[in-house]
Number of protein chains: 2
Amino acid sequence: MNPVVLYHTEHAKKTRREILLVAVDIASAEGLENLSIGRLAKELRMSKTGIFAHFGSKQQLQLATVDAASEIFLQQVVQPVLQIPQGLRRLRAMLESWLGYIEQSVFRGGCFFAAVSAEFDSRPGKVRDNIAALTKAWVVALQDEIALATANGELLRDVNQNELAFELHAYVQEANWAFKMFNDRSAFMLAKSAIANRIDRAVNPGSIKPSRKLRSAK
Amino acid sequence: MNPVVLYHTEHAKKTRREILLVAVDIASAEGLENLSIGRLAKELRMSKTGIFAHFGSKQQLQLATVDAASEIFLQQVVQPVLQIPQGLRRLRAMLESWLGYIEQSVFRGGCFFAAVSAEFDSRPGKVRDNIAALTKAWVVALQDEIALATANGELLRDVNQNELAFELHAYVQEANWAFKMFNDRSAFMLAKSAIANRIDRAVNPGSIKPSRKLRSAK
DNA sequence: CCTACCGATCGGTAGG
DNA sequence: CCTACCGATCGGTAGG
């Protein structure tokens, strides 16, 4: 009789996953606060308490929704680039994969984390802390890849790694903002161009791959 | 007996302004949707209908709040730079002024327009359209200043003006995001550095002012 | 600018 | 997973 998950059956887990898929979509478009239990119940044709029983409180629902969005981000953006060799190539792939996930509108409201971080940046609590930790982890992942690319000799040693990560991250977030606000896909071209130019300036000319086209041999 | 503003007296206008100052602050931190009439009434120690009578509907309240925020932005960010000569110097001043308004936390929840554009990008309607028009106007103002700086010969003619505006705008929005999310003021240093480097790369070396320190004479 | 009210919806509980 | 509730709050109206 656990109030959080009534029966730990496979069926209950499946229902929970279905609820969270809808929750992530609603939250990305209308916000985590406006994600009401009644709204979810209507969309899923369940009773309010049927939804409620899976989470136990509104805050637990919000936390579960953030976790579910994080899993989708990992699966859609991070997983596909893990096969690419670490360093400069993976850095480029991470940014391309991230832009692709925004452009393909994986979530109804654009990048889930851009939406909810703006919503919760002034709302102290566990939800905000989780969002901060997850978005920070992605920034750190970009920084780590820049550090590896430098260690590989692919990037110039005097490049400020924090600045580079800040600027690359900014281009993708700006593309998401401009695309959602003005419904103009040219923002993706601008972001790709900014990323390519910014990285090319940091590339070590001694390493033989300033861009793919110029690579002569393996 | 106009339901929107009951009495067009000076006193009523003053009350309306007082309501909107609180409304802008609440909306920047908690969102324009969560800006409820009851919440405003409590904070201002007025009755709900006392607030309501000034606007006539929730949507009109939201629209008035966006307008009020726009006036504050104009006054805090735009007005101070109008005395600076147009072109490269004003472009730099616009970005510095904008960063300053974010760092000084003019609104409780950081940049009002960053917050509400993320909130309304998936909510079609007049409120969203107004937010889009106002944020677009600021992007265009940056683009216009870049065009003037180019016409002045201060920026290189082969600089892509849309790309430059996109990247500069991105740095400031990223600083707002990082500051609000991680409460880390180093984001402002990163943004200032990114802006200075990006502009310096676009500066025409023929014009004698790549940076203030290197200027030899007037 | 107020009191007094409306139906709808909110998060959450009792009990099954 | 359900029905049947709870008090609080929502946007909005009547009438002054």
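Below, chain A is the first sequence line, B the second, and so on; all start at residue 1. None of these values were measured; they are calculated from a predicted model.
- Spacing between atom CD of B:E33 and atom P of D:dT9 amounts to 19 Å, rounded to whole angstrom units.
- With hydrogens and angles left out, the side-chain atoms of B:E174 and A:Q173 include a donor and acceptor closer than 3.5 Å.
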Can I get a per-line list of side-chain donor-acceptor pairs under 3.5 Å for residues 62-82 of chain B, giving both atom names and the distance, sequence neighbours left out?
unit_1 : atom_1 : unit_2 : atom_2 : d
B:Q62  : NE2    : B:L32  : O      : 3.0
B:Q62  : NE2    : B:E33  : OE2    : 3.2
B:T65  : OG1    : B:L61  : O      : 2.7

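- For the pair B:I37 CD1 and D:dT13 P, the interatomic distance rounds to 10 Å; values are reported in whole Å.
- Checked against salt bridge (charged side-chain N to carboxylate O under 4.0 Å, His left out), A:E167 has the following partners two or more places apart in sequence or in another chain: A:R198.
- The aromatic rings of B:F107 and B:Y101 sit perpendicular to each other, their planes meeting at more than 60°, with 30° as the lower class boundary.
- Rounded to whole Å, atom P of C:dA8 lies 18 Å from atom CZ of A:R39.
- For B:F52 and D:dT9, the CZ to P distance is 19 Å, given to the nearest whole Å.
- Taking a 4.0 Å limit (strictly below) on heavy-atom distances, residues 40-49 of chain B reaches DNA chain D at B:K48, B:T49.
- In secondary-structure terms, DNA chain D builds stems of at least 3 consecutive Watson-Crick or G-U pairs, each pair having both distances under 3.5 Å, at C:1-16 with D:1-16.
- Side chain of B:D184 to main chain of B:F179: no donor-acceptor pair is present (N/O by atom type, distance under 3.5 Å, no hydrogens or angles).
- The NZ-P distance, from B:K58 to D:dG11, rounds to 4 Å in whole Å.
- Here D:dG12 presents its C1' atom at 15 Å from CD1 of B:I51, a figure rounded to the nearest Å.
- When atom types are taken as modelled, the side chain of B:T9 and the backbone of B:A12 share a donor-acceptor pair closer than 3.5 angstrom.
- Listed by first and then second residue, the side chain to side chain donor-acceptor pair (under 3.5 Å) pairs involving residues 116-144 of chain B are A:W177-B:S117, B:Q143-B:N162 (not counting sequence neighbours).
- Not a single donor-acceptor pair under 3.5 Å links the side chain of A:S193 to the backbone N or O of A:M189.
- The 5' end of DNA chain C is approached more closely, in terms of each residue's nearest nucleotide, by B:I19 than by the other of A:S57 and B:I19.
- Scored by the salt bridge (charged side-chain N to carboxylate O under 4.0 Å, His left out) test, B:R185 finds B:E103 as partners (sequence neighbours excluded).
- A straight line from CD1 of A:I26 to P of C:dC10 spans 11 Å, rounded to a whole angstrom.
- One interatomic measurement links the two molecules: CG of A:L63 to C1' of C:dG11, which rounds to 16 Å at whole-angstrom precision.
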